[in-house]
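To keep things clear, I will list the structure first and then write my remarks on it.
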Amino acid sequence: MFYKETGQFKSRYKDELAAFPLFEDKIGIGILCVLTFLVIPMFGLPGLNYEFAMGAIMIPCMIFIIMTLGLNILLGFAGQISLGTGAFSGVGAYAFYKFITIFPDINIIIALVLSGLVSAVVGVIFGLPSLKIKGFYLIVATLAAQFFLTWAFIRVAWLYNYNASGAIEGPNKEMFGIIMIGPQSAGMTRYYFVLVTLIVLTWLASNVIRGRIGRSWMMIRDMDIAAELIGIRPLVAKLSAFAFSSFYIGIAGALMVFFWLGAAEAESFDINHSFLYLFMVIIGGLGSITGSYMGAIFVWVVPVLIKEIGKSAFGFDAFVMENFSTILLGAMIIIILILEPHGLARLWQIAKQKLRLWPFPY
Amino acid sequence: MTENSAVLDTMPKLLARNVSKFGDSPAFREKDLGIWQTWTWKESSEEIHKLSKGLIKLGVQEGDHVAVIGRNRPSLYWSLLACQHIGAIPVPLYQDAVAEEMEYILSHCGASFAIVGDQEQVDKILEISDRLKGFKDIVFVDPKGLRKYDKKNLHSISDILEIGSGDSAELDKELKRRVEKVIGDTTCVLLYTSGTTGKSKGVVQTHRAIIGASGGANQHDSWTHHDYLLSYLPMAWVGDFMISVAQGMGAGACINCPEGPETMQVDLREIGPSIFFGPPPLWERLKTSVFIRIEDAAFFKKVAFKYFMAHAEKVGRDILEKRKVGLLDRLKYSLGNFLIYAPLKNMLGFSNVRIAYTAGDLISAELFDFYRSLGINLKQLYGQTEASVFLTMQGNDEVFSDTVGKPIEGVELKIAPSGEILYKSVGSFKEYYKNPKATGETKDKDGWVATGDAGYIDEDTGQLRIIDRAKDVGKLKNGALFAPKYVENKLKFFPNILEAVLFGDKKEFCVAFLNIDMTAVGNWAEKNNISYSSYQELASNSEVANILKEHVEDVNMALAKDSMMSGCQIRKFLVLHKELDPDDGEITRTRKVKRAFINEKYDDLVSALYSDNGSVDTKTEVTYEDGRKGYLEATLSIVDATIYQLQEAAE
Amino acid sequence: MNEKVPKIIMEVKNINLRFGGVVAIQGVSFDIHEGEIRAIIGPNGAGKSSMLNVINGFYHPQEGEIWFDGQKRPSMEPYEVAKTGIARTFQNIALFKGMTTIENVMTGRQLQMNKNIFWQMLRYGPAIEEEVQHRKRCEEIIDFLEINHIRKTPVGSLPYGLQKRVELARALAMEPNLLLLDEPMAGMNVEEKQDMSRFIVEVNEEFGTTIALIEHDMAVVMDLADRVVVLDYGKLLADGTPKEVQSNQAVIDAYLGVPH
Amino acid sequence: MEILHMIFIAPFLDMVALPDLFFQGLWDGFVGGTLYALLALGFVLIFKASGVFNFSQPILMVLAALALVSFYEMGINPWISVALVLFLMYALAFGVERVILRNLVNQDGNILFMSTIGLTFVIIGAAQWIFGGVPRSMIHAELGFPVGSSEWPMFGGAVYFEHIDISAVVLASSLIAILAVFFSKTKIGRGLRAVADDHQAALSVGISLNQIWVIVWFVAGIVALVGGLFWGARSDVSFALQIIGLKALPVLIIGGFTSVPGAIIGGLIIGLGEKIFEIYWGPMMGGSVEGWFAYVIALVFLLFKPQGLFGEKIIERV
């Protein structure tokens with residue numbers, strides 16, 4: 001149903017290798033673009049306060065999608081587990097802060113890319129142990145990054161320009177004559193900036209994943225010994241995954257602070273955030289870009305909505321709802337792992353497959 | 001039509017026309033190396049010319065017979081056309097024919113060259129080439145596995161193309177001379193009939209006949225160069241030659257070749273042809289697969305399928321044929337189309353089908369209605385090799401399941417006193433190759449050709465109605481009509497029944513052999529936890545027999561309503577212990593039952609069916625896939641079925 | 001046949017391999033001629049797989065030399081060995097389970113692909129051209145091994161015999177100078193074995209690939225191999241044509257005498 | 001030059017200059033190390049028996065401590081509170097086996113690990129909801145553990161020994177010893193080892209896998225209670241203890257994942273190391289280096305001795 005694949009044949013490899021080879025999927029993407037570029041900025045989300053919808057749901061969701069994409073590249077595509085995501089996102093945020101304060105005239109996009117690169121370098125350094133170790137051992141190595149870096153965010157005052165508050169704050173800064181970040185920036189500006197960044201980053205990630213480099217990650221993930229015997233250098237494959245992943249996470253960290261929160265301290269990058277991002281990846285689906293989208297949205301939106309509903313409809317206080325959503329999140333992880341280890345992405349895939357095969361079961 | 005026959009009376013002319021008129025439209029596609037490789041008319045024509053020159057250089061003479069053997073692929077179609085360009089006569093052969101069958105045809109037509117698909121065909125020809133007089137060289141398409149073969153008389157088609165692409169004024173001149181010499185009366189192709197009776201005969205067809213008949217058919221259904229088809233039927237079969245080569249060339253339509261037989265279904269779906277030709281067994285198999293798969297679907301889907309299929313049965317044909325249908329019914333049909341029909345057509349690859357044809361055998365009304373009610377414009381046509389296929393076709397607004405249409409332009413029909421159908425047509429064959437006796441028996445001095453089929457013109461519709469092969473139709477002892485195929489087709493409509501053979505000519509009553517369909521019955525067995533290891537074991541299961549008994553009685557019930565056919569009800573039947581197999585000579589490669597042969601081979605079973613025994617022991621020779629022979633022994637039980645009284649139709 | 005002196009593509013000299021106190025290979029030497037099918041046979045535990053692992057750099061022998069393409073090979077990591085043009089398949093299929101057949105075969109082309117990350121990110125121009133060009137080569141191999149119909153099937157769901165064939169396709173995609181096959185017919189039924197034998201011979205003939213294969217079933221090897229090395233308990237027992245080996249008394253005693 | 005002096009010379013001069021302070025540091029580190037070792041043992045047990053890398057071990061410790069204090073605050077007798085906590089731990093072990101392990105048996109290690117992160121969140125949410133998130137004091141005094149401290153004159157100064165620390169060392173060491181004996185000498189213990197080697201073998205000696213899982217998770221709960229009791233006494237009973245508990249991970253890296261002695265030695269290395277490092281090198285780095293020191297040490301081990309001090313070397317086969 002909906003899908004009519006009859007007659008959709010490919011006579012060039014290029015078409016065969018396209019991101020969305022099916023016509024119906026292209027339509028779907030088109031609809032999503034119209035929604036995010038026009039409909040949502042105009043009307044917000046149904047049933048929600050406009051400011052809330054944009055500021056507490058849309059913008060953070062998009063940023064977390066970038067974050068999840070980053071972690072998914074590492075965990076889902078390259079099979080390297082990391083509990084240091086929060087800290088790596090902090091590296092991006094602090095780097096961005098330093099770039100725009102040291103070079104006040106720097107273009108925001110350039111600053112963003114540079115922050116991503118700084119994060120990538122740090123990611124590679126802490127990814128070095130992955131060459132010798134796997135699985136649980138790597139968890140500890142990335143935990144070292146997590147604790148060491150958050151410690152540095154507090155103790156190295158240079159990082160936050162010796163602010164008394166110990167926080168990094170976005171100054172007003174413009175690009176092409178429009179104030180992009182800082183207290184005076186318009187929510188709409190930030191929304192579109194994040195949206196475009198997300199689309200560009202998604203496109204780049206999907207390209208890399210389908211190409212030579214992406215394949216080398218999956219080879220290492222699926223069977224590292226065979227990969228090596230085919231000529232993959234584990235060093236290059238693993239470190240490139242760490243670099244690429246941290247690049248995304250760094251950019252997401254910078255976006256989080258300067259396009260959403262406005263200001264942040266070290267605790268915005270603590271281990272609990274690492275867990276949160278890990279959950280987004282697991283619930284969304286390991287090794288799936290669609291999954292990264294679904295995971296980030298689900299993990300962010302469901303608790304927010306629960307809190308809202310609990311507060312407004314049942315009058316529960318924030319403390320109760322907070323704990324309730326923590327439990328829910330944990331339980332979701334367990335349930336997902338038991339029922340569908342490949343996450344929401346797999347459910348989506350199954351549903352899509354059903355539609356494609358409709359009315360047949362196979 | 002007039003334009004066609006006057007100017008464009010040869011294949012080379014048609015090709016030249018296509019290049020100038022549709023030069024950049026796709027002409028041939030083949031699923032190869034994962035994608036649909038495409039050649040436009042311009043590119044195809046270049047290939048064909050190169051091939052022609054290469055073949056001239058190889059030594060192919062005018063009037064030489066060139067065998068073409070292999071699965072459907074552009075290079076083999078080009079080979080056919082190249083032969084026609086250089087005045088040689090292409091002889092397409094069935095690729096699954098065994099070496100002896102090939103030997104018969106190749107020596108009969110005195111082929112001097114063979115253009116083949118792959119190693120398998122090369123091996124077969126090498127095996128018999130010593131015994132063929134005047135046979136020279138083999139050209140192969142796929143070099144795989146042939147590296148170590150002696151290349152003296154073996155050439156790769158790419159080498160031939162290479163030779164043909166060289167700059168040689170001499171070759172160009174020779175090609176030009178030969179093409180100009182090809183006229184409407186030049187032999188276009190030599191096609192061997194499948195041979196339901198005895199050895200196959202070579203039908204000689206001229207360019208004029210082929211183009212005349214296909215042109216009439218194209219005009220009848222307004223084919224254009226925007227049409228595209230899937231060429232998957234054996235190239236040696238006249239139907240494929242007419243549709244893929246003659247009609248395709250005539251209209252400038254695009255020919256699409258699947259990757260291989262096992263991916264045909266997938267490739268069909270990818271291409272989504274606008275015109276599709278399928279023999280009745282294919283339609284039957286597809287429908288069976290639909291029902292089997294729906295059987296496994298979730299409850300909701302099953303219910304929805306049943307509900308909407310019932311609705312389609314009610315109004316589907318009326319909507320397709322643009323008759324008046326109530327608004328509510330129309331809405332319901334649209335909903336059904338969204339939920340079931342359109343997705344179903346999509347899954348089968350028929351979403352874009354503008355016209356679908358069935359021919360080559362009778363098709364049961366139920367099967368025919370099933371597809372039409374889904375909105376697939378399935379139509380019947382009637383013809384035969386000797387007539388360049390097309391004799392009668394159905395117009396879009398006059399499609400019936402029990403008739404096969406009206407004569408197309410250029411065809412005249414008459415019914416002989418014996419009931420046999422005779423025709424005169426632009427597409428009539430020239431002669432049977434080296435068989436004047438058979439030619440004389442079939443074609444009289446005035447040009448009337450006997451079809452060998454019995455039929456009559458239906459009074460209500462004015463369309464031709466076929467009863468059966470003229471020589472199969474007989475009488476029961478009580479004088480009632482015996483038309484076995486009609487009944488067999490009714491039986492085969494049931495997914496569980498793969499083949500049926502009816503006996504009863506000059507007997508008291510009718511009896512039948514049945515073959516179960518392993519897919520359908522196997523599926524049923526799995527669901528009911530019945531274990532089996534072979535066809536034989538499943539066929540001898542008594543529950544299976546009970547199911548078949550119900551089917552047979554359903555058929556009897558239906559026959560009882562038809563005054564002409566009620567005598568053909570089946571009183572007894574048995575389930576054969578082996579599947580009828582072309583390798584054993586029981587059916588033709590196009591799956592037509594060889595009645596006389598079976599009657600003789602299973603003589604013991606037939607007489608048992610007419611005795612009072614409840615079961616019969618038998619021993620049968622079988623041929624295994626690798627050519628070895630062996631024996632099957634079995635005890636078959638004979639099942640009695642209920643016979644119904646003739647009922648006057650209530651309507 | 002032997003008009004000219006065959007070129008030696010690989011020679012192992014006096015290989016000794018130990019794991020702790022366990023001796024896996026003891027003083028084994030043999031050579032592989034260019035273009036031949038060389039079989040290494042022996043009962044289970046004879047050190048055949050260890051030998052293969054030494055050749056492709058997974059194990060580093062304590063003593064011995066490996067000569068490849070006329071040069072003594074320094075100690076190499078597996079990925080470096082792969083770069084010299086040695087490909088292999090595995091006894092217990094080592095396909096990338098998360099990928100489809102075509103993707104698995106494409107992994108064999110990794111070494112030949114080199115467009116950098118920026119092109120990869122854009123997937124445009126050189127990157128996509130490279131992808132298309134290698135895809136075509138892989139499709140040819142897929143066609144050659146007759147696995148077209150499973151092109152887009154995830155390999156995990158394929159039957160065993162087909163998985164082995166996909167693995168062979170992946171190794172072939174590397175266009176190796178030397179192809180190592182680790183028990184290519186293990187666990188197959190008769191028909192699958194016939195198919196696989198046919199493919200091995202065809203690969204050898206069609207691409208001229210030198211093949212070294214391990215097998216413990218002697219009968220399979222006899223029709224297939226040009227020359228055979230027999231190992232037993234890590235030692236070289238015999239080396240010669242299948243016929244010679246078959247009539248070698250030591251082999252008969254140690255190997256053929258034992259029914260299995 | 002100056003910086004090299006600061007790093008490589010000055011700290012050692014300080015150690016010699018004030019030996020009492022150095023000794024004090026060693027003692028504090030030793031106490032911490034013993035407790036790390038105990039917690040690490042909890043990890044090792046579960047890892048050996050079920051291949052699960054149990055990330056929820058630290059939060060189990062928090063839960064045990066929090067529950068103990070909360071039961072007491074409800075007016076329940078402290079010892080009965082202990083019994084109740086034990087019961088709670090057993091119930092939890094039972095639940096984990098039923099809900100998680102049973103359903104994820106034979107799954108990939110990463111999946112099991114992630115499920116324990118999920119479990120961690122469930123416990124955090126539930127514990128916070130039921131017991132509240134405010135830091136509280138441990139009830140070790142009410143349980144009869146000695147409080148106060150003794151001062152031992154030494155090297156011209158004095159070293160303070162908190163009485164509760166002495167109890168911690170004694171109790172933790174005995175528990176470690178008991179567990180070591182239990183698992184090498186008793187039937188259940190041997191069953192546990194059999195499980196680690198081969199699930200089939202374990203079944204054939206008549207031990208149900210499910211029972212074993214419940215037992216090891218319960219033992220991990222007991223370990224968590226003891227750990228929580230003393231860590232709680234050393235600081236406050238709060239969720240911050242989870243971070244302390246997590247340090248058992250680097251201990252495992254150093255000691256090896258499957259080794260009981262490894263856990264002990266690793267615990268001591270981390271405990272002593274981080275204390276001494278904090279005292280002598282911490283100030284020049286801005287302090288609070290205890291947060292990451294253990295991990296960085298582990299990182300160094302990972303780079304040079306990935307299988308740990310006592311871990312088994314893995315030979316990969318193709």
Side-chain angles (χ1 to χ4, degrees), chain A residues 10 12-19 21 73 76-79 113 120 131 200-237 239-241 243-244 247-248 285-288 342 349 362, chain C residues 52-53 56-58 77-90 93-99 102-104 106-124 127-136 138-139 151-152 155-156 167 170-171 173-174 180:
Chain A
K10 310 282 181 261
R12 299 182 311 167
Y13 289 117
K14 240 180 208 176
D15 303 332
E16 171 92 15
L17 295 169
I73 285 167
F77 287 97
V113 171
L131 300 177
V200 170
L201 288 179
T202 307
W203 178 65
L204 295 179
S206 98
N207 285 347
V208 171
I209 282 159
R210 289 177 296 138
R212 168 179 68 91
I213 294 172
R215 262 197 304 276
S216 74
W217 296 338
M218 288 184 258
M219 289 163 81
I220 287 285
R221 171 195 70 188
D222 283 352
M223 191 147 289
D224 51 354
I225 294 170
E228 206 178 337
L229 292 171
I230 290 176
I232 297 297
R233 271 185 89 171
L235 174 89
V236 176
L239 291 189
S240 65
F244 208 79
F247 178 76
Y248 272 58
L286 292 166
S288 158
H342 293 93
Q349 207 185 359
Y362 50 83
Chain C
L52 228 52
N53 285 331
N56 66 22
F58 195 71
E77 289 304 310
Y79 70 87
E80 294 169 310
V81 173
K83 279 186 187 149
T84 65
I86 298 181
R88 75 170 285 182
T89 65
F90 302 83
I93 301 173
L95 287 170
F96 303 115
K97 292 274 187 305
M99 305 185 192
I102 178 73
E103 286 166 342
N104 264 284
M106 279 295 277
T107 63
R109 305 297 296 175
Q110 290 288 103
L111 274 181
Q112 275 102 327
M113 300 174 85
N114 53 21
K115 295 295 170 280
N116 66 33
I117 179 87
F118 297 103
W119 285 121
Q120 297 283 341
M121 275 161 78
L122 298 177
R123 204 175 166 79
Y124 184 75
I128 190 77
E129 273 163 30
E130 181 184 61
E131 190 84 9
V132 165
Q133 172 202 337
H134 289 284
R135 168 69 181 257
K136 179 146 185 285
C138 290
E139 289 284 357
R151 182 182 291 118
K152 292 193 179 160
V155 290
E167 213 189 1
R170 186 178 70 186
M174 293 174 71
L180 309 174

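We name chains A, B, ... by the order of the sequence lines, and we start the count at 1 in each one.
At least one donor-acceptor pair under 3.5 Å links the side chain of A:D222 to the backbone N or O of C:G98.
Heavy atoms of C:N114 lying under 4.5 Å from chain A belong exclusively to its backbone. Looking at A:A205, there are no atoms closer than 4.5 Å to chain C (heavy atoms on both sides), in backbone or side chain. Of the two parts of A:R12, neither the backbone nor the side chain holds a non-hydrogen atom closer than 4.5 Å to a non-hydrogen atom of chain C. If you measure heavy-atom distances from C:L122 to chain A, the contacts under 4.5 Å come from both the backbone and the side chain.
Of all non-hydrogen atoms in A:L229 and C:M174, the two that sit nearest each other are O-CE, 4.1 Å. The heavy-atom pair separating A:I230 from C:T107 by the smallest distance is CG2-O, 3.4 Å. Across all non-hydrogen atoms, the minimal contact from C:A94 to A:A226 is O-CB, 3.5 Å.
Between A:E228 atom CD and C:F58 atom CZ the span is 7.5 Å, to the nearest 0.5 Å. Going from atom CD1 of A:I209 over to atom CD of C:Q120 covers 12.0 Å, rounded to the nearest 0.5 Å. Rounded to the nearest 0.5 Å, atoms OG (A:S216) and CE (C:M113) are 10.5 Å apart. Atom CZ of C:R170 and atom CE of A:M219 lie 7.0 Å apart (nearest 0.5 Å). Considering CD1 of A:I213 and NZ of C:K115, their distance stands at 12.0 Å, rounded to 0.5 Å. The CG atom of A:N207 sits 14.0 Å away from the CZ atom of C:F118 when rounded to the nearest 0.5 Å.
Side-chain contact check for C:L95 versus A:M223: every heavy-atom pair is 4.5 Å or farther apart.
C:R151 meets the side chain to side chain donor-acceptor pair (under 3.5 Å) test with B:E259, C:E139; sequence neighbours excluded. For A:F244, the ring pair (Phe, Tyr, Trp, His ring centres under 6.0 Å) partners are A:W217, A:Y248, not counting sequence neighbours.
Enclosure of atom NZ in C:K136 is not indicated, since only 12 or fewer non-hydrogen atoms of other residues, nucleotides or ligands lie within 6.0 angstrom.
Residues C:Q110 and A:R212 bring no donor and acceptor atom of their side chains to less than 3.5 Å of each other. Side chains of C:Y79 and A:R233: a donor on one and an acceptor on the other come within 3.5 Å.
The pair C:E129-A:K14 does not meet the salt-bridge criterion, since no charged nitrogen lies less than 4.0 angstrom from a carboxylate oxygen. A:R210 and C:E131 are not joined by a salt bridge, as no carboxylate oxygen comes within less than 4.0 angstrom of a charged side-chain nitrogen.
Annotation: maximal heavy-atom pairing with chain A below 4.5 Å, among C:E80, C:E103, C:K83, C:M121, occurs at C:M121. Contact count against chain C (heavy-atom pairs under 4.5 Å) is highest for A:A227 among A:S206, A:A227, A:G287, A:A19.
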For a side chain to side chain contact (heavy atoms under 4.5 Å, CB included) check, start with the C-alpha distance between C:V132 and A:E16, then their side-chain angles and the critical distance, and finish with the verdict.
CA-CA 10 Å; C:V132 165; A:E16 171 92 15; over 6 Å; no

